[in-house]
Amino acid sequence: MVEGVFNLLLCLFLGQERFGNMTRVYYKEAVGAFVVFDMSRVSTFEAVLKWKSDLDSKVQLPSGSPIPAVLLANKCDQKKEGGQNLSQMDQFCKEHGFTGWFETSAKDNINIDEAARFLVDSILVNQQSSASEDRDTDKVTLHQEALPAESRSQCC
């Protein structure tokens, strides 16, 4: 399982098209995802929406809603060359269904733990709300109207 998650993240990070037809295998039973782009390579940001669309089309939560996906702007430790306008990232994420986003550096371990914690928290919120919905549908409520007591004059 861990190897599959690593491979998926590697595919998303590298953006290699040759893995495109294998994504369903990696997505199977996923409950959350990171979509990673390289801040120093504009082409990787341009592929973000393709990956998000692919993810949403191939895996959903039991409720039918998309799994939480966090966008990671990696290599924030490097000088940005024609980089993305990060001031608009909140709006971009909202418009395209990302749960949130983080500037990260895998090399310098910047915001990696925070992003992972955020994704796990999002997953747990979804699982808790799903569990409460399941409990509500499994719950049986008995409604009994009070019946007048009958007096019996004989032994039963």
Side-chain angles (χ1 to χ4, degrees), residues 1-140:
M1 178 69 175
V2 172
E3 182 179 302
V5 171
F6 175 76
N7 287 340
L8 173 60
L9 292 174
L10 186 62
C11 288
L12 294 175
F13 179 69
L14 297 176
Q16 295 183 10
E17 296 300 322
R18 64 186 172 148
F19 294 110
N21 61 353
M22 296 175 56
T23 56
R24 190 174 301 275
V25 173
Y26 291 119
Y27 294 158
K28 187 177 181 180
E29 298 181 29
V31 293
F34 288 118
V35 177
V36 185
F37 72 94
D38 180 340
M39 292 178 70
S40 66
R41 292 178 48 217
V42 175
S43 63
T44 62
F45 180 74
E46 292 168 353
V48 161
L49 292 180
K50 175 206 168 287
W51 286 109
K52 178 69 165 94
S53 174
D54 190 56
L55 179 69
D56 290 347
S57 71
K58 292 180 180 167
V59 65
Q60 294 88 31
L61 295 172
S63 66
S65 57
I67 64 172
V70 176
L71 183 60
L72 300 183
N74 196 41
K75 296 190 180 180
C76 69
D77 57 304
Q78 294 184 1
K79 184 178 177 184
K80 297 167 185 68
E81 296 175 13
Q84 287 62 45
N85 185 351
L86 296 179
S87 64
Q88 296 177 350
M89 289 298 285
D90 289 330
Q91 185 63 31
F92 176 85
C93 288
K94 186 177 180 180
E95 288 175 4
H96 298 288
F98 286 96
T99 308
W101 73 280
F102 289 83
E103 280 188 85
T104 61
S105 169
K107 177 183 168 192
D108 293 341
N109 193 22
I110 298 171
N111 282 338
I112 302 298
D113 290 340
E114 292 80 1
R117 210 171 287 116
F118 181 81
L119 180 58
V120 169
D121 287 345
S122 299
I123 291 167
L124 292 175
V125 165
N126 282 332
Q127 287 183 340
Q128 288 171 352
S129 64
S130 175
S132 67
E133 289 173 12
D134 290 346
R135 276 183 289 207
D136 289 345
T137 58
D138 291 342
K139 191 184 295 183
V140 175

Any idea which heavy atoms bring [X] and [Y] closest together, and the distance?
| X | Y | result |
| --- | --- | --- |
| Pro66 | Asp56 | CB-OD1, 3.6 Å |
| Lys75 | Ser40 | CD-OG, 4.0 Å |
| Val59 | Ala30 | CG2-O, 3.7 Å |

Practice prompt. Just do the side chain to side chain contact (heavy atoms under 4.5 Å, CB included) check on Val35 and Trp101 with the steps written out, would you?
Written response: CA-CA 9 Å; Val35 177; Trp101 73 280; over 6 Å; no
ask   = With distance as the sole test, does Asn126 use its side chain to make a donor-acceptor pair with the main-chain N or O of Ile67 at under 3.5 Å?
value =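 Not confirmed, Asn126 side chain does not pair with Ile67 backbone.
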Does any N or O in the side chain of Thr99 come within less than 3.5 Å of the main-chain N or O of Ala69, such that one atom is a donor and the other an acceptor?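 It does hold such a pair.
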Using atom types as modelled, flag every donor-acceptor pair under 3.5 Å from a side chain in residues 109-124 to any protein atom, sequence neighbours excluded.
| residue | atom | partner | partner atom | Å |
| --- | --- | --- | --- | --- |
| Asn111 | ND2 | Glu103 | O | 2.8 |
| Ser122 | OG | Phe118 | O | 3.0 |

Thr104 and Asn74: side chain to side chain contact (heavy atoms under 4.5 Å, CB included), yes or no, with the steps?
CA-CA 5 Å; Thr104 61; Asn74 196 41; 3.1 Å; yes
- Query: Among all residues two or more places apart in sequence or in another chain, which pass the side-chain contact (heavy atoms from CB on, under 4.5 Å) test with Ser53?
  - Reply: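 Once residues adjacent in sequence are excluded, Ser53 has no partner under the side-chain contact (heavy atoms from CB on, under 4.5 Å) criterion.
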Distance (rounded to the nearest 0.5 Å) between [X] [atom1] and [Y] [atom2]:
| X | Y | atom1 | atom2 | result |
| --- | --- | --- | --- | --- |
| Leu72 | Phe98 | CG | CZ | 9.5 Å |
| Cys93 | Gln88 | SG | CD | 12.0 Å |
| Met89 | Lys94 | CE | NZ | 15.5 Å |

* **Test log, rule side chain to side chain contact (heavy atoms under 4.5 Å, CB included), inputs Glu46 and Val48** => CA-CA 6 Å; Glu46 292 168 353; Val48 161; over 6 Å; no
Whether Phe45 and Phe37 hold their rings parallel, tilted or perpendicular, with breakpoints at 30° and 60°: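 Aromatic pair Phe45/Phe37 classed perpendicular.
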